[in-house]
Structures are given as structure tokens and as C-alpha cells.
Protein chains: 2
Amino acid sequence: MAEPDAIDRRLLALLQADGRTPHAELARVVGLAVSSVNERVRKLGERGVITGVHASVSPEALGLDLLAVVFVGWSAPDVEKRFLDRVAEEPAVLECHHVTGAWNYLLKVRVRNTRMLEAFLAAVIKSVDGIERTETLIVLSSPKETATLATDPPAWAG
Amino acid sequence: MAEPDAIDRRLLALLQADGRTPHAELARVVGLAVSSVNERVRKLGERGVITGVHASVSPEALGLDLLAVVFVGWSAPDVEKRFLDRVAEEPAVLECHHVTGAWNYLLKVRVRNTRMLEAFLAAVIKSVDGIERTETLIVLSSPKETATLATDPPAWAG
DNA sequence: AATGAAACCAGATGTGA
DNA sequence: TCACATCTGGTTTCATT
């Protein structure tokens, strides 16, 4: 799969910023005809470069005021599958990353409050047999939280 | 700001899954007229419940194959502003969270490879005067990575 | 708040160049 | 890739309830 060219990258930047930008506007910015933009955007979708278009929702508007990072650890190798199956189906878990270091996995969890976080740890994490230890960090504030990827290499890149 | 009612929450779930779902389809699912759906969606945007619609891009398609979690720590209180100003403008930093525990901040960083991660730590993090220590975790895999919020409380919620 | 109809506008498609 | 025309279908508005 060839990497997107310069024009594709600009289209991706624009569509990451606003997924409903009209093709006419895209065409104006990148300096192509609307039909060309249409074909490029279609191909970016077909090739899986654009994986979807999603509405972003304010967590606070849904009462989800608490963000937490939960590290999870175990020793027995058979724990992993049960753990992953459980977190996959759990909407409160936004992210689950297998990480290097002292812990097995890192979870990003969004809930209403500390009471619900306590319930989450008891009902979801501790309910998985074999989990031996967890460590929970509370997020006090998030100065930056985006999924927008850099479409061009930074100045400091080798 | 009143929390969204049951119909709004279903609209939010649908639009989080696919931000371009036609209003006719939304209307069919929730059992309202298209014009009613249109007004609800418009108000959800006006009230800031829906903060935007964004295309999701595959990191691998852009060659961003390495995800890392970087903890950052310092002692002097004047470091924070410089640090936040620097990471705010840095596209490689997807998330920046103020966290409880032994560290000041947690960063989620996406780069091409370990060489670029090394450059990031040198050019971005260490370039901020006063930063005393960092710890970097490499993400080996991400079984789950979504921004889709739960629109209904889980069964285990108190 | 919800509705149906009408008006408007954007996306998709096909042609020839 | 483009310009153009066209078709289709979604979005938005409005008068009404």
C-alpha cells in the first residue's frame, strides 16, 4: 500500500479537522477539480486510509466527568484472553493497550464519578480471574485530547 | 445544561458510529420524522454535545507505526506553562493528561519508529527547561482504541 | 416539540477531452 | 486529471399542529 501523496495528505488533514467539509471546498483548497477530489476521497476510503467518519461527543454532556488510567497486571498466561474479551465489550473502556514495563495492559476508562470507578474496578477488572494487581491514575485535566494524526513529518524528525 | 434524553442518546450513539448517517436513516431508527431528527441534531451541535465530525485515519497508512506513553515529571512550578505550550503545538502528541501519582503529566505520542521517538524526546521534551525525568512505555498492540462514549449507563453502575 | 412538503444543495456518475 | 452536465438523494426550511 503506497503512502498518500502530498495532496492526499492535505485532504486527510482537512477531513480530520472536519469530516463534512464539502468536496467543493476541498477542491478549492488543494487546487483540484471537484471530480478529482471526489475520486481521491473515495479511494482513500477504499484503501482503508480513512477508516470512518465519527461524531465527537462531549463527555461532560453525557455526565462522564471522570477519566482514569488503569494499569493491570497478572502472571498466569491464560488471563489475557479472558481480560481482553471482557474489556472489548465494555463501553467504559475507551482504550486498551498492551505495554512494555512492569504492567501488562493500560486502560483508558471514562465513567461518571469515583463511585462508578470503584464499581468498574470491582465489577469489570476484579471479576477477571487471575488479575493480581492494578494501579489507577486519576486524570485531573486534559490540556490536549485529539485523534488527529500528523499528516506531515515534524521539523525535528531525523 | 440538561442531559440528553433517550432519543438524543440513541442519535449520539448512531452518529458516533457513523457521523454521516443520513437523517432519513436516523429518523427511521428512532421513529421520528426527518425534520425532527434534523432539529435535534442541530441542537446537539449548538449545545456543544456534538463537538464536531471527524474523519478517522489509519495511523499505519501514514507510516505512524509507533505509539508510546510518556510520563513527564518536574519540581519547579514554572515548568508547566512552557511544557503545555510546547506540547499543544506538537502534532505528534495526541493526548496530554494531568494525572495523579508520581508523575505530573502523561502523554500519548504517535511517531514513525523508535528513531523518531528518540528525536521527539530530545527535541520536544528535553527542550523544555526544568523537566527532570521521563518514563516511556512502548505500546506493543492496542486491542481497543476508540473515542466512542457510552450513551447509557452500564449494568454494573450503582 | 413534531410533522409533511417543498426548496435547496451536495455527492456521485458519465461524457468527452 | 479536468470541465461540464446530470441525476440522485440528503439537508434545511417553513407553515402547521
Side-chain angles (χ1 to χ4, degrees), chain A residues 1-64 146-149 151-153, chain B residues 1-58 61-63 146-153:
Chain A
M1 185 197 293
E3 282 198 24
D5 67 10
I7 291 179
D8 281 340
R9 291 201 304 273
R10 294 181 69 190
L11 292 174
L12 291 172
L14 291 162
L15 290 171
Q16 283 189 107
D18 182 357
R20 289 177 311 185
T21 312
H23 291 188
E25 166 78 0
L26 299 176
R28 195 182 58 74
V29 174
V30 305
L32 287 184
V34 174
S35 51
S36 307
V37 167
N38 202 352
E39 191 177 358
R40 279 176 178 264
V41 172
R42 182 178 56 77
K43 283 183 182 169
L44 286 169
E46 281 174 1
R47 280 191 274 153
V49 178
I50 295 176
T51 58
V53 178
H54 308 281
S56 295
V57 173
S58 159
E60 291 76 18
L62 287 170
L64 298 171
T146 180
T148 304
L149 304 178
T151 50
D152 288 292
Chain B
M1 187 197 293
E3 281 198 25
D5 66 11
I7 291 180
D8 283 339
R9 290 201 304 273
R10 294 180 69 190
L11 292 174
L12 291 172
L14 292 162
L15 290 172
Q16 283 189 110
D18 182 357
R20 291 176 310 185
T21 311
H23 291 187
E25 166 78 0
L26 299 176
R28 194 184 58 76
V29 174
V30 305
L32 287 184
V34 173
S35 51
S36 306
V37 166
N38 190 48
E39 191 177 1
R40 279 177 178 265
V41 171
R42 184 178 55 76
K43 282 183 182 170
L44 287 170
E46 281 174 0
R47 281 191 270 153
V49 178
I50 294 176
T51 57
V53 178
H54 308 281
S56 295
V57 174
S58 159
L62 288 170
T146 181
T148 304
L149 303 178
T151 49
D152 288 293

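So that the names make sense, note that chain A is the first sequence line, chain B the second, and so on, each numbered from 1. No hydrogens, no waters, no symmetry mates; every other heavy atom, side chains included, goes into these values. Predicted model only: the values in this text are computed from it and were never measured.
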Please report the shortest heavy-atom distance between [X] and [Y], naming the atom on each side.
| X | Y | result |
| --- | --- | --- |
| A:Asp8 | A:Arg40 | OD1-NH1, 3.0 Å |
| A:Val53 | B:Val53 | CG1-CG1, 3.3 Å |
| B:Leu14 | B:Thr21 | O-OG1, 3.8 Å |
| B:Val34 | B:Ala24 | CG2-CA, 3.8 Å |
| B:Arg10 | B:Val29 | NH2-O, 3.3 Å |
| B:His54 | A:Gln16 | ND1-O, 2.7 Å |

Q | Secondary-structure stems, DNA chain C, at least 3 Watson-Crick or G-U base pairs under 3.5 Å | A | C:1-10 with D:8-17, C:12-17 with D:1-6

Q: Produce a footprint string for nucleotides 1-17 of chain D: one letter per nucleotide, 5' end first; B if the base is under 4.0 Å from any protein heavy atom, S if only the sugar-phosphate is, - if neither.
A: SBB-------SBB----

Q. Of A:Leu15, A:Val49, A:Leu12, which meets side chain to side chain contact (heavy atoms under 4.5 Å, CB included) against A:Val41?
A. A:Leu15

**Q.** First and last nucleotide of DNA chain C, 5' to 3', lying under 4.0 Å from heavy atoms of chain A
**A.** C:dG11 to C:dT13

Q: Answer yes when B:Glu46 and B:Lys43 have at least one side-chain N-carboxylate O distance shorter than 4.0 Å, and no when they do not.
A: no

Q | N/O donor-acceptor pair under 3.5 Å between B:Arg20 side chain and A:Arg20 backbone | A | no

Q) Is the shortest heavy-atom distance from the side chain of B:Leu62 to the side chain of A:Glu3 under 4.5 Å? A) no

